[in-house]
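Order of listing sets the numbers, starting from 1, for every ligand and every atom in it. Computed from heavy atoms alone, side chains included, the values below leave out hydrogens, waters and symmetry copies. Position 1 is the first residue of the sequence; numbering continues from there.
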Amino acid sequence: MSLKLNGYHNAKLSGQNGTSTNGHANKITDPDIGHRYTYEVLVETVDFIKSRVPFEPVVGIICGSGLGKNQIRHKNASDILYLFSEIDPFTGSLAECLTSPIEISYTTIPNFPQSTVKGHAGSLVFGHLSGLPTVCMKGRFHYYEGYPLWKCCMPVRVMKLLGVTHLIITNAAGGLNPKFKVGDIMFVNDHINIMGFAGNNPLQGPNDERFGPRFPPMNQAYNRTIINLAKKVAKEIGLADRVHEGVYTCLGGPNFETVAELNMLKMLGADAVGMSTVHEVITANHCNMTVFAFSLITNECVVHYETEDEPSHEEVMDVGKQREDSLKQLVTELLKEVFHLGITTRRG
Ligand SMILES: O=P(O)(O)O[C@@H]1C[C@H](O)[C@@H](CO)O1
């Protein structure tokens, strides 16, 4: 792949070429220099997608493990997969809720990273959900796959440039809160950015003001109105006793956590632990998207030594499959409410 495709078209960003955002000269030691996506490179990606999708999505959905599985039915092996039958809205993955879907494989999108994890199919699906133009990411990128955080979050910026204002992020997570049972849903009301404690942040490096400010606030990262609506919807569809609110935290993975690590995370105030989402939420807030995120609790974290229980990715995907109908119903009904109320983005 040429440098241009993944490359850095230099000097467009503040903080680049020896000038920091506060005007002081400095020496940039960014190991990713020459590889990060510029605004212009992302526009190239967006132009490609726009040439294949005849509408602008306003809702983006990132499907977590087990919730964005497998390629959906398609006509042939071409890069653009036009799906032609009406799909039962409550069978299959979240992306299968979209009507008249157009599926584009990541392998064909210029500059896009590739999915490597089982349960993460690797395509963008465009269609309508609850009447709203929507793009669904079937397959996200994780740090443990070898992608730096800025690359894991590239699709969030692509969605922003496509027109997405509201981002729904889903994940599979281990339950740390003893009240959580396998199959429960946690509406994320805050996060602890453990990787960020060590300076590993998707916004690290030069800042492009066209995406957002150098120092974005994060105290309202999860839209409170949507969380309240989600609770109301959960009650209406009979899920009241399966939903909670809580704090999500993300470690780099790919190993599941040790008992001591889990007990530390509990003490810090985390209710669920996973390997994604936090950096996507940061990137989305930075570019002024309205964010709603939830975790499907796929396993109870093992927080003591006197057991032979072990978490596994197979269990994670199985629980995703068992709960997908409820999750799809929740998302579909929630979107109807969100857009009925006309919730605006964070900075107006
Ligand atoms: O993509 P998510 O965060 O839903 O996936 C979780 C974390 C790991 O990727 C995987 C572990 O089973 O599930």
Side-chain angles (χ1 to χ4, degrees), residues 60-70 93-95 106 113-125 136-149 151-156 159 167-176 180 182-188 191-196 200 202 222 246-258 261-262 265 270-284 291-302 309-324 326-328 330-331:
I61 301 177
I62 302 180
C63 299
S65 277
L67 304 171
K69 59 174 182 18
N70 306 333
S93 81
L94 269 179
Y106 295 163
Q114 303 304 317
S115 288
T116 68
V117 187
K118 210 170 154 191
H120 289 261
S123 56
L124 291 181
V125 185
C136 209
M137 255 187 98
K138 283 207 311 178
R140 60 150 55 91
F141 307 108
H142 304 85
Y143 189 68
Y144 63 75
E145 292 174 75
Y147 296 120
L149 292 183
K151 201 170 221 177
C152 293
C153 300
M154 173 264 204
V156 173
M159 286 194 257
L167 186 61
I168 299 182
I169 303 182
T170 77
N171 61 59
L176 278 167
F180 295 1
V182 171
D184 285 359
I185 297 162
M186 182 186 88
F187 300 139
V188 182
H191 67 230
I192 302 176
N193 182 11
I194 297 276
M195 290 158 83
N200 193 1
Y222 300 85
V247 175
Y248 174 90
T249 194
C250 158
L251 300 187
N255 59 282
F256 290 101
E257 304 73 30
T258 67
E261 286 163 352
L262 290 168
L265 294 171
D271 295 296
V273 58
M275 305 178 197
S276 66
T277 302
V278 168
H279 31 281
E280 297 160 350
V281 171
I282 290 171
T283 305
V291 173
F292 171 69
F294 66 82
S295 301
L296 174 64
I297 304 301
T298 52
N299 53 291
E300 289 174 28
C301 289
V302 180
D309 287 353
E310 285 182 334
S312 75
H313 189 54
E314 283 61 41
E315 179 189 14
V316 168
M317 288 193 298
D318 282 353
V319 176
K321 188 162 174 40
Q322 285 160 28
R323 300 295 286 155
E324 67 188 17
S326 298
L327 301 183
K328 282 190 287 187
L330 177 71
V331 171

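Of the options S65, S276, A173, the smallest heavy-atom separation from atom 4 (O) of ligand 1 is shown by S65.
At a 4.0 Å heavy-atom cut-off, ligand 1 does not touch M317 at all. Of all the heavy atoms of N171, the ones lying under 4.0 Å from any atom of ligand 1 are found in both the backbone and the side chain.
If you look at F141 and Y106, their ring centroids are closer than 6.0 Å.
Evaluated for a side chain to side chain contact (heavy atoms under 4.5 Å, CB included) with T170, the options I62, I185, L94, L296 yield exactly one hit, L94.
Residues V247 and I192 have side chains in contact (heavy-atom distance under 4.5 Å, counting atoms from C-beta outward). Within the 4.5 Å cutoff, the side chain of V302 has no heavy atoms near those of the F256 side chain. Under the 4.5 Å side-chain criterion, counting only non-hydrogen atoms from C-beta, H191 is in contact with I282.
Of all atoms in ligand 1, numbered sequentially from 1 with element shown, those under 4.0 Å from a heavy atom of V316 are 12 (O), 13 (O). The ligand atoms of ligand 1 that sit less than 4.0 angstrom from a heavy atom of R140 are 1 (O), 2 (P), 3 (O), 4 (O). Listed by number with element, the atoms of ligand 1 under 4.0 angstrom from any heavy atom of G64 are 4 (O). Taking a cut-off of under 4.0 Å to the non-hydrogen atoms of H142, the atoms of ligand 1 that pass are 1 (O), 2 (P), 5 (O), 9 (O). Atom numbering of ligand 1 starts at 1 in the shown order; those under 4.0 Å from a heavy atom of F256 are 11 (C), 12 (O). Taking every heavy atom of H313 and a limit of under 4.0 angstrom, the matching atoms of ligand 1 come to 10 (C), 11 (C), 12 (O). Listed by number with element, the atoms of ligand 1 under 4.0 Å from a non-hydrogen atom of Y144 are 8 (C), 9 (O).
In this structure, F180 places its CZ atom where more than 12 heavy-atom neighbours from other residues, nucleotides or ligands lie under 6.0 Å away.
Aromatic ring pairs are classed by plane angle as parallel below 30°, tilted from 30° to 60° and perpendicular above 60°; the pair F294 and F292 is tilted.
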